[in-house]
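To start, the structure itself, in structure tokens.
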Amino acid sequence: MAKLQTPPRVKKVMKHMRVPDLRAMKERGEKIAVWTAYDFTMARILDRAGIDVILVGDSLGMVVLGYDTTLPVTLDMMIHHTRAVSRGAKRALIIADMPFLTFQLSVEEAMRNAGRLIQQGGAAAVKIEGGRQIVETAKRLVDIGIPVMGHLGLTPQSVHQLGGFRPQGRDSDAADRLMQDAEILEKSGVFAIVLESIPADLAGRVTASLKIPTIGIGAGTQCDGQVLVSYDALGLSDAAPPFAKQYAQLGEQILSAARAYIEDVRAGGPHR
Ligand code: KIV
């Protein structure tokens with residue numbers, strides 16, 4: 001008897017990354033690869049490469065829109081860009097950042113705004129910055145079926161309170177507090193936590209004590225996964241943080257391509 005083949009469409013559906021897959025990856029000891037994207041084309045390329053998660057980060061404000069911080073980013077901007085990313089990614093899990101003041105004012109507002117990122121943006125989950133102070137919000141979002149990713153350490157929406165984009169968790173009090181925040185967040189039901197700019201040994205301890213995955217950025221190699229801002233990783237940013245490894249120099253390539261084009265035009269071309 002001929003062996004039944006899984007139709008290609010079903011195969012594709014089976015491979016789609018879902019929220020519980022991340023925890024299963026941690027349990028299997030498989031590392032989780034995350035990059036940010038903000039538009040259809042980049043999402044399509046990252047998806048083809050096999051990225052596990054695309055984060056539509058509010059770093060959008062800095063790397064795409066040219067602001068000095070993430071604070072001017074609005075919910076409408078995030079929905080607009082998340083929708084574009086959703087159209088480009090077929091396999092990757094899409095997580096959208098909740099921007100400044102869209103989840104801190106009241107739990108009801110957070111629920112409405114998170115709902116818009118899911119319903120209108122097409123995200124599968126949202127990310128919110130903060131520790132114990134956002135636990136009630138995280139719980140309620142999870143209760144109504146919206147998966148939540150946490151974000152501890154350097155939380156860019158608190159840049160003014162932190163006195164700049166500085167590493168966090170460096171003394172023992174700060175490290176203890178961060179460890180407690182991570183445990184409280186896990187209990188509240190978040191499915192993963194981003195650990196940004198904290199010492200590698202602290203990130204290692206948090207990772208070992210949680211069942212949910214940690215995703216590091218500038219937090220050493222012991223996290224369950226790593227995230228980078230794609231513009232930093234691709235050499236498109238002028239101010240990439242020192243820990244961000246560059247996997248391509250697209251800024252340089254675009255510069256020489258544009259110069260070559262300008263020369264062609266001035267010489268009477270391009271000839272095709
Ligand atoms: O906004 C963002 O891109 C982020 C990552 C740096 C984790 O929050």
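Everything numeric here is computed off the predicted structure, so don't read it as measured data. Whatever order the structure lists them in is the order used to number ligands and atoms, beginning at 1.
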As a test of reading the model: which N/O atoms of the protein lie under 3.5 Å from N/O atoms of ligand 1, and at what distance?
unit_1, atom_1, unit_2, atom_2, d
ligand 1, 1 (O), Asp58, N, 3.1
ligand 1, 1 (O), Asp58, OD1, 3.1
ligand 1, 1 (O), Ser59, N, 3.0
ligand 1, 1 (O), Ser59, OG, 3.3
ligand 1, 1 (O), Asp97, OD2, 3.1
ligand 1, 3 (O), Ser59, OG, 2.5
ligand 1, 8 (O), Lys127, NZ, 2.9

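More than 12 heavy atoms of other shown residues, nucleotides or ligands fall within 6.0 angstrom of atom CZ in Arg28.
Among residues two or more places apart in sequence or in another chain, the ring-ring contact (aromatic ring centres under 6.0 Å, His included) test is passed with Phe103 by none.
Evaluation of the side chain to side chain donor-acceptor pair (under 3.5 Å) test over residues 196-208, restricted to residues two or more places apart or in two chains, returns His151-Glu196, Thr207-Thr214. Applying the side chain to side chain donor-acceptor pair (under 3.5 Å) rule to pairs touching residues 65-85 yields Asp76-Arg116, sequence neighbours excluded.
Checked by atom type, the side-chain pair Ser59/Tyr38 shows a donor-acceptor distance below 3.5 Å.
The distance from the CG atom of Leu60 to the CG atom of Asp39 is 10.0 Å, given to the nearest 0.5 Å.
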